[in-house]
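Okay, structure first, notes after.
All chains are named by letter (A, B, ...) in the order of the sequence lines, taking the proteins before the strands, and each is independently numbered beginning at 1.
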Amino acid sequence: MMGPDPSWYLVVSAILFAIGTLGVLLRRSPLVVLLSLEIMLNSANLALISFARLHGDHDGQIFALTVMAVAASEVVVGLGIIVAMSRRKLTLDVDALRVLRG
Amino acid sequence: MGNTLVWIVWIGAAFACLGSGIAVVSFTNPFYSALALIGNLASLAVLFLLASAEFLAAAQVLVYAGAVMVMFLFVIGYLGGRADAPFAGGPSWVSIGAVVAAAALLVEVVVVIGLAAGDALTDPAEVEAAFGSPAEIGRIFLTDHLLAFEITSIVLLVAAVGGVVLGTRTRAEQDLEEAA
């Protein structure tokens, strides 16, 4: 294999996942939370692809492709909810949304 | 010579990827965050390409940078100033806790993968040049993984219907707008 071996890819993937987690935990805007979720999904994709390369098997790549489709669906529904929230004049702040809290 | 070039491209892409990831999390304006995410996805596509996932690199650019990010930018533009939110509300222990949790997660992932795979990670299998090409992925998707293919299409259909339902104006919202 030319260039770095899969362990390097996995290190980048792990750091990227931590950055995404930090964004989800730290940010209050639902839009930025969705963007950070995308980072986490993509870091998982990178790990899947590097493992597929490690084992010389396509299954990981197929899984990554499926994750991509699920991520696209998740963005459609997530953005739909954010737009619906905005139309109902709710605050776009995940800390302010506590209507469902018992 | 070729190996050095691959290393240089890889290091460039990896640092661009991590830098733009940090930028996504740290920009206050979500529009800039979304633009940084496009850079993140593009540099990830370069990493995919170097890990012999050619079709996935192309799909990444088409699906994410092309479709998903355009949708994000449209919604951010639609919301305008309302999209801006404080960086991190709440007391400072929440922020410190978030950083500690993310760091703990990073350490856990590295340790677990290191313990489980260990030395095997530095010894990748030999693959032919066609590994990860559109032809190979298409053949496997339509033979061995046909169920995943069909389920993906249903998931996308349900998401499309859900998007339409969420986008439809309800009676209560019409009343809300007339009252305003």
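Heavy atoms of B/S153 lying under 4.5 Å from chain A are absent altogether. For B/I137, the parts lying under 4.5 angstrom from a heavy atom of chain A are both the backbone and the side chain. Contacts between B/E128 and chain A at a heavy-atom distance below 4.5 Å are absent for every atom of the residue. Both the backbone and the side chain of B/L47 come within contact range of chain A, each with at least one heavy atom under 4.5 Å from a heavy atom of that chain. Residue contact with chain A, scored on non-hydrogen atoms closer than 4.5 Å, involves the side chain of B/L41 exclusively. At a 4.5 Å heavy-atom cutoff, B/F74 makes no contact with chain A through either its backbone or its side chain.
Rounding to the nearest 0.5 Å gives a distance of 8.5 Å between OG of B/S20 and CD1 of A/I19. One finds the CZ atom of B/F48 at 9.5 Å from the CD atom of A/Q61 (value rounded to the nearest 0.5 Å). Atom CG of B/N40 is separated from atom OG of A/S43 by 9.5 Å, given to the nearest 0.5 angstrom. One finds the CD1 atom of A/I82 at 12.5 Å from the OH atom of B/Y78 (value rounded to the nearest 0.5 Å). Residue B/L166 holds its CG atom at 11.5 Å from CE of A/M85, rounded to the nearest 0.5 Å.
In terms of heavy-atom pairs under 4.5 Å with chain B, the best-connected choice from A/T66, A/L46, A/V83 is A/L46. For chain B, the option among A/N42, A/V76, A/I49 with the highest count of heavy-atom pairs below 4.5 Å is A/N42. Highest contact tally toward chain A, considering only B/V164, B/V109, B/V9, B/I22, is held by B/I22 [criterion: heavy-atom pairs under 4.5 Å]. Each of A/T21, A/I81, A/V75 has some count of heavy-atom pairs under 4.5 Å with chain B, and the biggest count is that of A/V75. With chain A as partner, the option from B/T152, B/V110, B/V165, B/L44 having the largest number of non-hydrogen pairs under 4.5 angstrom is B/L44. Between chain A and the options B/D144, B/V63, B/T168, B/I140, the largest number of non-hydrogen pairs under 4.5 Å is found for B/I140.
The environment of CH2 in A/W8 is sparse: at most 12 heavy-atom neighbours from other residues, nucleotides or ligands sit within 6.0 Å.
Scanning both residues, B/V127 and A/G56, for their nearest heavy atoms gives CG1-CA, 3.6 Å. For B/A159 against A/S73, the heavy-atom pair with the smallest separation is CB-CB, 3.3 Å.
Side-chain atoms of B/L56 and A/N45, non-hydrogen and from C-beta on, never get closer than 4.5 Å to each other. Taking 4.5 Å as the limit, some side-chain heavy atom of B/I76 sits within range of a side-chain heavy atom of A/L31.
Between A/H58 and B/F131, the ring planes are parallel. Angles under 30° get that label, and only those over 60° would be called perpendicular.
Exactly one of B/V75, B/V68, B/L79 qualifies for a side-chain contact (heavy atoms from CB on, under 4.5 Å) with A/L79. That residue is B/V75.
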